[in-house]
**Q** 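After the structure tokens below, expect a handful of questions from me.
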Amino acid sequence: MKNFIKWLKSPKSDFFLFVIVIILLNLVGQNAFFRIDLTETKSYSLSEVSRRTVSTLDKPLAAKIFFTSNLNAPYNTVEQYLKDLLTEYKGASNKYFSCEFFDMENPENQSLAREYGINQVQIQEVNDNEIGFKAAYMGAAFIYGDSIEIIDGITYTDGLEYKITTAISSMITTADIISSLKDPVELTLYITPALNKFNINGFDSIEQSVMNAYSAVNSKNQDKISFRRVEPAEEEMSSLVKKYGIQSIAWTEKNGSQKHGVIGLVLENGSSFRQIPLQMGQSLFGYSMIGLDSLEENITDNLKSLITKSLEIGYLTGHGERDLAGNDYETAATFQSLTEDTYSLRTIELSEESIPAGISTIIINGPKTAYTEEELYQIDQFLMKGGNIMFFLDPYEVVEADNNYFMSMPQYTPIDTGLEGLLEKYGVNLDKAYVFDMQCYDYYTDSEKLPMYWVPLVRDTGVDKTHPATKNLGNLLFLQNGPITVTRENSDDFTSTVLAHTSEKAWTSSDIYVLNPSYINPPDESEMAKTPLAVILEGSFESAFDAAPEKTESEEESSQDSGETTAEGADALSTSNHLSSSIQAGKIFVCASSYLTTPQLISDPTQPIAIFMRNVTDYMNGAEELCPMRSKGVSSRTLTSVKGPLVTFMQIFNQYGLAVIIVLISVLIWRLRVARRRQIRLTYNADDTRDDDNIRIAEKNMKKASGKENKEGDAD
């Protein structure tokens, strides 16, 4: 035992002890996770909202990961990122969170993935300089109680934490709401049996298909759904069609009598309902039922939409604003789809109704005609009560030329809606001009590069890095923006923030007749300056009105017709609800372009400008904690210079710099070791002034001589 202790204390045991320490550290590392995130955007750390979501679980939540291993880059990094991210969730959660990774080479696991609705995706891979395609599983299923959320096609890491956290939050919210429902949700099949004689393909299996889907969905939602089959009388059909929008079918009998029937599936809770897609269609092969194959999925999605009340945002109409419907490049339909998972846009025409009391945010998007004084007053007083307003105001209306005239140019007509006066009172000026920038989107043709000066490109240096809406963003594209000037200074009860601005090489012009790079001549650099493109104002505001506008005779007659009365005579009472200043803090977002809500800029929800729009919407509605999580990893760090010696230097440094640095460090370590050996030698022998090279040569010669003597001794 004494020898063993002596051996442990001696230098001979150092290597073996080092190996043992490494083994123990690896064993500890399997059960303990620790990581330092040095990225600027904290891309590899959980956001606070994610930690809070999983730390308060009161039921088991299981994450089942179906991800094919050993994929080529960049998909292998996605798998590792997903594993690390879920490990972070595990570390931040309580005992109810679990995670399981499945070997996708196992056919049973592949079958399980398909049962959850996770399908193979085609990815591109390069092997031996050959490009090919591979089918891979890249999805995850999250299970909370009877609820299941699927994230399929995880081919990139951007926004992955946001998807996971919102999926978990959605399940928790849905489960809690379902548990608290007093009355069951009703699923009703409206059907006319007489339609069976028309040999509609799938008609005879409608009820069984609906029952199968109903049973599957009901078992996953605490048996809170009831089902009934209704055969409505003919006199009831018109009211059902009008109320629910179900399909009405008419035909003529042989005796000439007109008959009617209906087919429809409705999910209803209280006064709210959702129509499930189920109807008869016609093709070359006759009549058939449409929607039977996706009943379970559609019932599940509509149930979630029905019981989880989304936050309503008012969307003003009546003055040529961008339409929320349609699929062309001029509508705001993509903006609506971008926000529909959390918000519902309710159209409001101020000439017909007032802003409802339950709405806290309104959007004014691209109006083209003037508002009345009464309408402007409603908007003003909405802000005074603490409401939030998002303004997207174009400086010009672009009127396309008649195609009958060759080479005719579009007309740019200045827009004056009256909203500009409100904003001027609140602290923002909008000029009738377009913003142009040398740092812009470049359009490439076969022969040249065309700078689109009217499409400013805002890099990460052009956004406010401290504001939640733009904290991790960059490379934002704006289109046909007007210039914005903030005229009110910050104070204790008011702050203004420029969320995005142009580069230093930007200018404005009101002389607009054609947007073509060949006809735009940039001014001298001395006339250029950075210009705000989007701003947010927060705090207290002064009303733009001294008093409520007086009603016209027609408005007074209308109010009398609606039952309103006024007192007359000496004892008549007068009332006033006018607010001259804010009674609660409000928010104003201003961008002098409505193109941000169109498919021209936000066709893809993963684009930086689309994330910016969603972040602004969340911030205006008090959900700013979601903004940094959604925009993690979106901003790309780029050089501010695009040409010149700096770019050349950085290119050479990226290719050879690391190798050169390693060589220099190695030489430095070698020289430090030589100096240390010399210092040790001089400490014990001050008279030994030989350098290390001579010592090494002498030691080498001594070893050779010693070896030669040993050989001669052996020979003797």
**Q** For a quick test of reading the model, state the closest non-hydrogen atom pair linking I150 to G117 and the distance between them.
**A** CG2-O, 4.4 Å
**Q** If only side-chain N and O atoms count, and only distance matters, is there a donor-acceptor pair under 3.5 Å linking R322 with S594?
**A** yes
**Q** Nearest 0.5 Å, please: how far is NZ in K64 from CD1 in I148?
**A**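 Nearest 0.5 Å value for the CD1-NZ distance: 9.5 Å.
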**Q** Looking at every non-hydrogen atom in both residues, tell me the closest pair between I609 and L601 and how far apart they are.
**A**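 Heavy atoms only, the tightest pair is CG2-O, 3.1 Å.
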**Q** In terms of heavy-atom contacts, does NZ of K530 have more than 12 from other residues, nucleotides or ligands at under 6.0 Å?
**A** no
**Q** As an exercise, state the distance from OG1 of T617 to CG of N388, rounded to the nearest 0.5 Å.
**A**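 Those atoms lie 11.5 Å apart.
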**Q** Hydrogens and angles aside, do S543 and D380 bring a side-chain donor and acceptor to less than 3.5 Å of each other?
**A**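 Their side chains do contain a donor-acceptor pair, which is all the 3.5 Å distance test asks for.
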**Q** With a 4.5 Å limit on heavy-atom distance, are the side chains of Y144 and T174 in contact?
**A**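 No, too far: nothing below the 4.5 Å cut-off.
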**Q** Could you tell me if Y595 and E330 have a donor-acceptor pair between their side chains, going purely by distance under 3.5 Å?
**A**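 On atom types as modelled, these side chains do not qualify, holding no pair under 3.5 Å.
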**Q** To the nearest 0.5 Å, what is the distance between OG1 on T56 and CG on N94?
**A** 7.5 Å
**Q** Does a side-chain heavy-atom distance below 4.5 Å link E538 with I536?
**A**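 Yes, side chains in contact.
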**Q** Rounded to the nearest 0.5 Å, how far does CD of E161 lie from CG of L46?
**A**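 The CD atom of E161 is 5.0 Å from CG of L46, to the nearest 0.5 Å.
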**Q** Report yes or no: does Q439 contribute a side-chain atom to a donor-acceptor pair with the main-chain N or O of L457 at less than 3.5 Å?
**A** yes
**Q** Donor-acceptor pair, S93 side chain versus V54 backbone, under 3.5 Å?
**A**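 It does not hold such a pair.
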**Q** Heavy atoms only: give me the nearest I379-I362 pair and the separation to one decimal.
**A**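 I379 and I362 have their closest heavy atoms at CG2-CD1, 4.5 Å.
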**Q** Is there a donor in the side chain of S50 and an acceptor in the side chain of T165, or the other way round, less than 3.5 Å apart?
**A** yes
**Q** Near D604 CG, under 6.0 Å, is it more than 12 heavy atoms from other residues, nucleotides or ligands?
**A** yes
**Q** Report yes if the side chains of M629 and V49 come closer than 4.5 Å at any heavy-atom pair, otherwise no.
**A** yes
**Q** Please identify each residue that fulfils side chain to side chain contact (heavy atoms under 4.5 Å, CB included) with A113, with sequence neighbours left out.
**A**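 Expected list: F66, M104, I118, Y137.
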**Q** Does a donor on one side chain sit under 3.5 Å from an acceptor on the other, for T495 and N490?
**A** no
**Q** Between R51 and E88, does any NZ, NE, NH1 or NH2 come within less than 4.0 Å of an OD or OE carboxylate oxygen?
**A**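 Between R51 and E88 there is a salt bridge, with a charged N closer than 4.0 Å to a carboxylate O.
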**Q** Report yes if some heavy atom in the side chain of I172 is under 4.5 Å from a heavy atom in the side chain of L57; otherwise report no.
**A**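 I172 vs L57: side chains touch.
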**Q** State, yes or no, whether a side-chain contact exists between L160 and L82 at a heavy-atom distance under 4.5 Å.
**A** yes
**Q** Name all residues meeting the side chain to side chain contact (heavy atoms under 4.5 Å, CB included) criterion together with P395; count only those two or more places apart in sequence or in a different chain, and write none if there are none.
**A**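 Side chain to side chain contact (heavy atoms under 4.5 Å, CB included) list for P395, sorted by chain: Y434.
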**Q** Report yes if some heavy atom in the side chain of V590 is under 4.5 Å from a heavy atom in the side chain of L430; otherwise report no.
**A** yes
**Q** Given the rule in the side-chain contact (heavy atoms from CB on, under 4.5 Å) test, do W507 and Y453 qualify, once you have shown the distances and angles that lead to the verdict?
**A** CA-CA 10 Å; W507 71 99; Y453 299 118; 4.0 Å; yes
**Q** Got a second to check how far L311's CG is from R346's CZ, nearest 0.5 Å?
**A**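 So the CG of L311 and the CZ of R346 are separated by 12.5 Å.
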**Q** Is the positively charged end of K587 above the ring of Y619, judged by distance under 6.0 angstrom from the centroid and angle within 45° of the axis?
**A** yes
**Q** Is it possible for you to check whether K83 lies under 6.0 Å from the centre of the six-membered ring of F101, through NZ or CZ, and within 45° of that ring's axis?
**A**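 Yes; both conditions hold, so K83 lies above the ring face of F101.
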**Q** For S360 and G387, indicate whether the former's side chain and the latter's backbone hold a donor-acceptor pair under 3.5 Å.
**A** no
**Q** Going by heavy atoms in the side chains, are Q600 and L479 under 4.5 Å from each other?
**A** yes
**Q** Say whether, by atom type as modelled, one donor and one acceptor occur between the side chain of D431 and the main chain of A433 under 3.5 angstrom.
**A**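 Side chain of D431 to backbone of A433: no pair is present.
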**Q** With distance as the sole criterion, is a donor-acceptor pair present between the side chains of S503 and D437 under 3.5 Å?
**A**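 Checked: S503/D437 side chains pair up, N/O donor to acceptor below 3.5 Å.
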**Q** Verify the neighbour count for atom NZ of K385: are there more than 12 heavy atoms of other residues, nucleotides or ligands below 6.0 Å?
**A** no
**Q** For the side chain to side chain contact (heavy atoms under 4.5 Å, CB included) test, which of L477, N475, V463 pairs with V458?
**A** V463
**Q** For residues D152 and G139, report the shortest heavy-atom separation together with the two atoms involved.
**A**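 For D152 and G139, the tightest heavy-atom pair comes out as OD1-CA, 3.9 Å.
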**Q** Among side-chain atoms of N621 and T361, is any donor-acceptor pair under 3.5 angstrom?
**A** yes
**Q** Please determine whether the number of non-hydrogen atoms from other residues, nucleotides or ligands lying under 6.0 Å from atom CD of Q122 exceeds 12.
**A** yes
**Q** What are the two closest heavy atoms between E79 and N70, and how far apart are they?
**A** OE1-N, 4.1 Å
**Q** Looking at F97, is its backbone amide N or carbonyl O close enough to the side chain of K90 to form a donor-acceptor pair, meaning the two atoms are under 3.5 Å apart?
**A**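 A pair under 3.5 Å: yes.
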**Q** In terms of side-chain heavy atoms, does R614 have a donor or acceptor partner in T342 at a distance below 3.5 Å?
**A** yes
**Q** Do D84 and Q80 have side-chain N/O donor and acceptor atoms under 3.5 Å apart?
**A** yes
**Q** Under the side chain to side chain contact (heavy atoms under 4.5 Å, CB included) rule, collect the residues that match up with S337, sequence neighbours excluded.
**A**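 Residues passing side chain to side chain contact (heavy atoms under 4.5 Å, CB included) with S337: T334, E340.
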**Q** Whether the side chain of D442 engages the backbone of K449 through a donor-acceptor N/O pair (distance < 3.5 Å, no angle test) should be reported.
**A**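 It does not hold such a pair.
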**Q** For K465 and D460, work out which heavy atoms get closest and say how close.
**A**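 Scanning both residues, the minimum pair turns out to be CE-O, 3.2 Å.
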**Q** Do T598 and Y329 pass the side-chain contact (heavy atoms from CB on, under 4.5 Å) test, and can you show the C-alpha distance, the side-chain angles, and the key distance before you say yes or no?
**A** CA-CA 6 Å; T598 69; Y329 278 85; 6.0 Å; no
**Q** Decide yes or no on side-chain contact (heavy atoms from CB on, under 4.5 Å) for D493 and F541, but give the supporting numbers first.
**A** CA-CA 9 Å; D493 62 350; F541 299 90; over 6 Å; no
**Q** Do we get R488 above Y426's six-membered ring, with its NZ or CZ under 6.0 Å from the centre and within 45° of the axis?
**A** no
**Q** Let me see the working for N365 and T597 under side chain to side chain donor-acceptor pair (under 3.5 Å), right down to the final yes or no.
**A** CA-CA 8 Å; N365 185 24; T597 63; 2.9 Å; yes
**Q** To the nearest 0.5 Å, how far apart are CZ in R630 and CG in L473?
**A**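 Interatomic distance, R630 CZ to L473 CG, rounded to 0.5 Å: 10.0 Å.
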**Q** Would you mind reporting whether I164 and I151 have side-chain heavy atoms less than 4.5 Å apart?
**A** yes
**Q** Between M390 and M620, does a side-chain contact (heavy atoms from CB on, under 4.5 Å) hold up when you go through it step by step?
**A** CA-CA 8 Å; M390 298 173 67; M620 296 293 288; 4.0 Å; yes
**Q** With a 6.0 Å cut-off on ring centres, are W454 and F436 close enough?
**A**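 Here the rings of F436 and W454 have centres that are no less than 6.0 Å from each other.
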**Q** Has E625 got a side-chain atom pairing as donor or acceptor with E48's backbone, closer than 3.5 angstrom?
**A**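 The answer is no, because no donor-acceptor pair under 3.5 Å joins these two groups.
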